[in-house]
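Numbered from 1 within each chain, the chains take letters A, B, ... in sequence-line order. Computation of the quantities below employed the complete heavy-atom set of this structure, encompassing side-chain atoms and omitting hydrogens, waters and symmetry-equivalent molecules.
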Number of protein chains: 2
Amino acid sequence: MQPEETKVDTEERIIMAALVVFARKGKDGARMQEIANEAGINKAMLHYYFRSKDKLYEAVFRHVFTRFSAQHATAVKESPTFAKTLKLFINGFIDSIKEKPDIVRLMVNENLSGGTALGNMIVEKQHEKAPPSILKRKLEQAIKNGEIRPVDPDHTLLTILSCCLFFFIWAPTIHIKIPKSKDWDAFIESRKEHIFDMVYNGLQPQ
Amino acid sequence: MQPEETKVDTEERIIMAALVVFARKGKDGARMQEIANEAGINKAMLHYYFRSKDKLYEAVFRHVFTRFSAQHATAVKESPTFAKTLKLFINGFIDSIKEKPDIVRLMVNENLSGGTALGNMIVEKQHEKAPPSILKRKLEQAIKNGEIRPVDPDHTLLTILSCCLFFFIWAPTIHIKIPKSKDWDAFIESRKEHIFDMVYNGLQPQ
DNA sequence: GTCTATATCTCGATAGAC
DNA sequence: GTCTATCGAGATATAGAC
């Protein structure tokens with residue numbers, strides 16, 4: 001095997017393993033040994049590839065933002081009607097979270113610890129082409145068209161994001177309180193429909 | 001000063017300080033030294049009052065559940081119409097979170113690390129008289145009355161909780177993305193209104 | 001690039017003076 | 001009850017053989 005490929009593969013494996021652990025325990029709570037185990041490699045390798053724990057954490061963040069914000073973007077396509085756009089956004093957004101829920105958990109940890117260092121990255125990377133920005137523009141447009149009633153776009157977008165993200169964050173409690181969520185895939189599908197139903201209906205003129 | 005009063009006061013001070021740090025860093029990420037600093041006391045005192053870090057964490061959880069779930073409960077009163085009940089729930093719920101947002105953050109950390117030990121407490125303490133349970137019953141009632149359209153009560157309750165809780169969890173990011181949220185109190189008030197508006201309208205027959 | 005062994009440091013916890 | 005000093009486990013990080 002070529003050294004180049006090996007390096008890329010190992011780096012990727014480490015970052016993915018680190019994402020899992022950082023997401024569960026936070027930056028300070030995470031243990032390098034645990035990350036090494038998760039990656040199926042030696043603890044010393046972590047320091048060989050990423051000098052320190054801090055650098056590794058930063059690398060994970062950078063990777064998450066560049067790689068997955070692009071993947072996100074493809075999930076949301078422009079559509080003729082607002083209803084269609086909304087449905088595509090909700091489905092695409094939830095699907096991409098479902099695939100890598102640890103990304104949300106990482107972001108939550110960062111928000112909880114008030115991470116200002118990487119807060120800057122949020123500003124940099126969540127640009128005009130990001131799905132939330134697209135949806136916000138579509139919202140403003142639909143209000144002008146009279147397609148939906150006049151609402152605050154910021155609050156509305158925040159409401160939609162809340163509905164799509166919160167149940168991933170709160171999952172263990174939900175499993176206890178809502179028995180039918182034990183079938184997680186089915187629950188997610190029903191959740192998609194509920195969110196669209198509630199939001200779209202909530203945006204209709206009275 | 002009497003030893004008894006001192007003891008109670010110090011215990012309370014420690015628990016409140018521990019809540020802040022545990023909420024920000026999680027159980028594993030929190031440092032006893034940081035908690036001691038926050039409480040304005042010595043590190044050794046923590047072990048004098050609560051044998052170990054584990055016991056302290058457990059004490060914080062127990063305290064939060066007993067003290068604040070009661071306070072929560074008073075916020076939600078029974079009301080004649082569903083609209084009134086919904087508005088009281090949203091306002092009361094958000095107000096009680098606003099007063100101690102660290103409680104939500106603590107719960108989030110527990111959910112992220114998949115805390116099963118204290119997950120049991122959630123089941124124990126969030127009983128029939130808890131505000132969410134009350135609202136769920138009201139929802140089912142209002143559907144039967146034809147006051148609102150038929151929706152899944154579990155999903156609807158989850159949607160409402162998402163809207164009321166998520167913006168506290170995501171606050172640092174929101175401060176960046178939504179400039180007007182810099183005036184946090186005003187933002188919270190506008191959020192209350194938006195949530196009621198969206199949810200209530202979303203529940204109306206088409 | 002990968003491993004073992006080890007240095008260095010930090011944290012939770014305790015001992016003991018006051 | 002409150003403090004200082006310190007122990008011992010466990011963490012990050014490095015050295016050096018292969």
Side-chain angles (χ1 to χ4, degrees), chain A residues 1-61 63 106 109-110 112-113 115 117-118, chain B residues 1-63 106 109-110 113 115 117-118:
Chain A
M1 54 186 173
Q2 295 88 341
E4 269 309 305
E5 276 196 11
T6 308
K7 190 184 173 190
V8 171
D9 283 1
T10 309
E11 249 182 50
E12 180 97 6
R13 282 231 320 284
I14 292 176
I15 289 203
M16 284 306 143
L19 172 58
V20 172
V21 180
F22 280 133
R24 219 167 30 217
K25 300 287 183 64
K27 183 183 162 184
D28 295 335
R31 297 285 159 250
M32 295 294 267
Q33 183 61 59
E34 207 178 337
I35 295 173
N37 293 344
E38 182 78 25
I41 55 154
N42 189 293
K43 203 176 55 166
M45 294 302 295
L46 296 181
H47 290 92
Y48 176 78
Y49 281 98
F50 309 86
R51 268 170 50 81
S52 67
K53 191 181 181 182
D54 278 342
K55 301 267 187 207
L56 174 56
Y57 185 74
E58 199 188 314
V60 170
F61 236 88
H63 188 271
L106 190 77
N109 268 312
E110 192 59 19
L112 289 185
S113 54
L118 293 155
Chain B
M1 49 185 175
Q2 296 88 341
E4 270 309 306
E5 278 195 8
T6 308
K7 192 184 171 189
V8 172
D9 283 1
T10 308
E11 251 183 48
E12 180 97 7
R13 280 231 320 284
I14 292 175
I15 289 203
M16 285 303 142
L19 172 59
V20 172
V21 179
F22 280 132
R24 218 166 32 216
K25 300 285 183 67
K27 184 183 163 184
D28 295 336
R31 298 284 161 250
M32 295 295 266
Q33 183 61 59
E34 207 178 338
I35 295 173
N37 293 344
E38 181 78 25
I41 56 155
N42 188 293
K43 200 176 58 163
M45 293 301 296
L46 296 180
H47 290 91
Y48 176 79
Y49 280 98
F50 308 86
R51 269 170 47 82
S52 67
K53 192 182 182 182
D54 278 343
K55 302 268 187 206
L56 174 56
Y57 184 73
E58 198 187 315
V60 170
F61 236 88
R62 195 173 305 281
H63 189 270
L106 189 77
N109 269 309
E110 190 62 18
S113 54
L118 293 155

- Testing dG1(C), dT2(D), dT14(D) for proximity to the side chain of Thr10(B), the answer is dT2(D)
- Heavy-atom pair with the smallest gap, counting every atom of Phe61(B) and Glu110(B): CZ-CG, 3.7 Å
- Query: What's the CE-P distance between Met45(A) and dA13(D), to the nearest Å?
  - Reply: 16 Å
- Short side-chain N/O contact from Tyr48(A) to OP1 or OP2 of dT14(D), under 4.0 Å: no
Distances under 3.5 Å between nitrogen or oxygen atoms of protein and nucleotides 9-12 of chain D:
unit_1  : atom_1 : unit_2   : atom_2 : d
dT12(D) : OP1    : Met32(A) : N      : 2.8
dT12(D) : OP2    : Met32(A) : N      : 3.2

- Could you tell me the separation between the CG atom of Asn42(B) and the P atom of dT6(D), rounded to a whole number of Å? 15 Å
- Closest non-hydrogen atom pair between Glu38(B) and Val21(B), with its separation: CB-CG2, 4.3 Å
- Query: Taking CG from Asp54(B) and P from dC11(C), how many angstroms apart are they, rounded to a whole number?
  - Reply: 17 Å
- Item | Whole angstrom value for the distance that separates C1' of dC3(D) from CD1 of Ile41(B) | 11 Å
- Query: Would you say Asp28(B)'s side chain and Lys25(A)'s backbone share a donor-acceptor pair under 3.5 angstrom?
  - Reply: no
- Note on the structure: Shortest non-hydrogen pair, Ile15(A) vs Phe50(A), comes out as CG1-CZ, 3.8 Å
- Message: What is the distance, to the nearest angstrom, from the CZ atom on Phe50(B) to the C1' atom on dA13(C)?
- Response: 16 Å
- Task: Show your working on salt bridge (Lys or Arg N to Asp or Glu O under 4.0 Å) between Arg24(A) and Glu34(A) and close with a plain yes or no.
- Result: CA-CA 11 Å; Arg24(A) 219 167 30 217; Glu34(A) 207 178 337; 3.4 Å; yes
- Item | Interatomic distance, Lys27(B) NZ vs dG12(C) P [rounded to whole Å] | 12 Å
- Provide the closest heavy-atom pair for Met32(A) versus Lys53(A) in the form atom of the first, atom of the second, distance. SD-CG, 3.7 Å
